[in-house]
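Computed from heavy atoms alone, side chains included, the values below leave out hydrogens, waters and symmetry copies.
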Amino acid sequence: MADLNQVKLMECPCFAVSEDTLEQQLMHFVDNNVYGYSVAINAEKIHKYKTNNELKRVIDSSIYPYPDGAGAVLAIKWLHNLSSEKINMPIRVLEVANKNKLKVFIIGAKENVHNKGLAIIKERYPNIIIVGNMHGYNDEDTIISAVAHAKPQIIMLAMGSPRQEIFANKLISVTKIGFAIGCGGALDILAGELKRAPEFYINNNLEWLYRLVQEPWRWKRQLFLPLFLSKLILLKIKKYF
């Protein structure tokens, strides 16, 4: 297995990841029947890690917290001198599952969006073995029972954060099956209901800005960013004294 560099970002655990090592890391979990779940670590989760006990518990119980956002990637570089990348995890997981013919269970989104996204996944990734799927408005216990029966290797949860991470913790603790990946709005994007940020925004770490323009109701969630950046700058300066 490719080495995992685990670091602390203002006490929040996270791994430095790259496109080159991701597949090997994911397949290590699958091949060794390591059950667990990932958490996408961004500036908001780092900021809330010490004040939100439920979020802290969910992150600490994750076997694969990875950087998902410019803030986390920058923190890994500034605080630990490690290179890391923001990876489109849902798409990369689908690619890995397709290449290795993995058994996948897909959960999330409204029923019509779920069905559209599922049809596109089947078309684009024909080697994936879809052992089950349920839209995100099913009862949680019903979903857990279905996953336990299907025994997938990969579970994709498109429920939005932090709901998907909280549910992943519950799901895996009960079923002890598979590796769960939070997918956020991936099904909405695949179904054409939500546009992914253009390359310019992604390459310049401005994906958050594009999402804010698309979903202006998210503005309150961005208010912590100046505070997070200030803390990060102070920690960076302290390294030199």
Side-chain angles (χ1 to χ4, degrees), residues 1-4 15-41 58 61-68 85-109 113-136 138 140 142-161 163-165 167-191 196:
M1 177 185 178
D3 290 336
L4 281 173
F15 290 117
V17 300
S18 71
E19 292 281 359
D20 294 336
T21 60
L22 178 63
E23 180 176 355
Q24 191 175 356
Q25 291 163 356
L26 290 178
M27 289 309 300
H28 170 80
F29 297 138
V30 171
D31 291 338
N32 292 279
N33 295 316
V34 178
Y35 58 86
Y37 61 93
S38 69
V39 174
I41 302 297
V58 167
S61 299
S62 166
I63 64 172
Y64 197 65
Y66 67 93
D68 181 58
E85 301 174 64
K86 183 185 182 304
I87 296 171
N88 187 344
M89 189 64 75
I91 296 302
R92 287 294 290 121
V93 169
L94 287 171
E95 291 171 350
V96 172
N98 188 63
K99 178 181 175 181
N100 294 278
K101 299 181 180 180
L102 301 183
K103 295 185 291 183
V104 177
F105 199 114
I106 300 172
I107 303 163
V113 175
H114 176 92
N115 291 336
K116 286 181 184 179
L118 182 65
I120 291 170
I121 289 172
K122 288 179 177 179
E123 179 183 350
R124 291 184 186 175
Y125 309 100
N127 293 324
I128 290 177
I129 304 168
I130 298 179
V131 295
N133 66 282
M134 303 184 78
H135 64 73
N138 280 285
E140 287 189 355
T142 301
I143 295 174
I144 291 171
S145 178
V147 170
H149 177 74
K151 295 180 171 54
Q153 294 165 296
I154 297 291
I155 305 157
M156 302 191 73
L157 298 171
M159 294 177 160
S161 184
R163 182 191 169 200
Q164 62 195 16
E165 289 87 4
F167 179 64
N169 177 269
K170 177 181 178 181
L171 172 68
I172 296 300
S173 66
V174 172
T175 64
K176 294 179 171 53
I177 290 171
F179 182 62
I181 306 282
C183 298
L187 288 178
D188 296 83
I189 292 173
L190 286 170
R196 179 159 166 74

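The local environment of NZ in K99 is sparse, with at most 12 non-hydrogen atoms from other residues, nucleotides or ligands closer than 6.0 Å. By the 6.0 Å contact criterion, CD on E123 is open, its count of non-hydrogen atoms from other residues, nucleotides or ligands being 12 or less.
In this structure, CD1 on I120 lies 9.5 Å from CG on L187, to the nearest 0.5 angstrom. How far OG1 of T175 is from CZ of F105: 10.5 Å, rounded to the nearest 0.5 Å. Atom-to-atom distance recorded for M159:CE and E140:CD is 6.5 Å, nearest 0.5 angstrom. Considering CG of N169 and OG of S61, their distance stands at 5.0 Å, rounded to 0.5 Å. Note that CG of D31 and CD of Q24 are 10.5 Å apart. Values are rounded to the nearest 0.5 Å. Remark: D20 CG to E85 CD distance equals 7.0 Å, nearest 0.5 Å.
Remark: the N33 side chain and the Q153 side chain contain no N/O donor-acceptor pair separated by less than 3.5 Å. Q25 and Y64 share a side-chain donor-acceptor pair at under 3.5 Å. No hydrogens or angles considered: nothing links the side chains of T142 and S145 as a donor-acceptor pair under 3.5 Å.
Among all heavy-atom pairs drawn from P90 and A186, the shortest one is CB-CB, 3.7 Å. Pairing each heavy atom of P65 with each of S62, the nearest pair is N-OG, 3.5 Å. Closest approach of I106 to L118, counting heavy atoms only: CD1-CD1, 3.8 Å. The minimum heavy-atom distance linking G178 with I172 is given by the pair O-CD1, 3.7 Å. Of all non-hydrogen atoms in K101 and I129, the two that sit nearest each other are O-CD1, 3.5 Å. Across every non-hydrogen atom of E95 and Y125, the tightest pair is CG-CE2, 4.0 Å.
The closest side-chain heavy-atom distance from M134 to V147 is not below 4.5 Å. Under the 4.5 Å side-chain criterion, counting only non-hydrogen atoms from C-beta, I41 is not in contact with P67. Between V30 and N100, the closest side-chain pair of non-hydrogen atoms is not below 4.5 Å.
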Handout entry: Test side-chain contact (heavy atoms from CB on, under 4.5 Å) applied to I63 and Y35, step by step
Key = CA-CA 9 Å; I63 64 172; Y35 58 86; over 6 Å; no
Exercise for the section: Test I181 against I155 for side-chain contact (heavy atoms from CB on, under 4.5 Å), laying out the working first. Expected result: CA-CA 6 Å; I181 306 282; I155 305 157; over 6 Å; no
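The ring-ring contact (aromatic ring centres under 6.0 Å, His included) search around F179 returns F29, not counting sequence neighbours.
A side-chain donor-acceptor contact under 3.5 Å links N32 to the backbone of H28.
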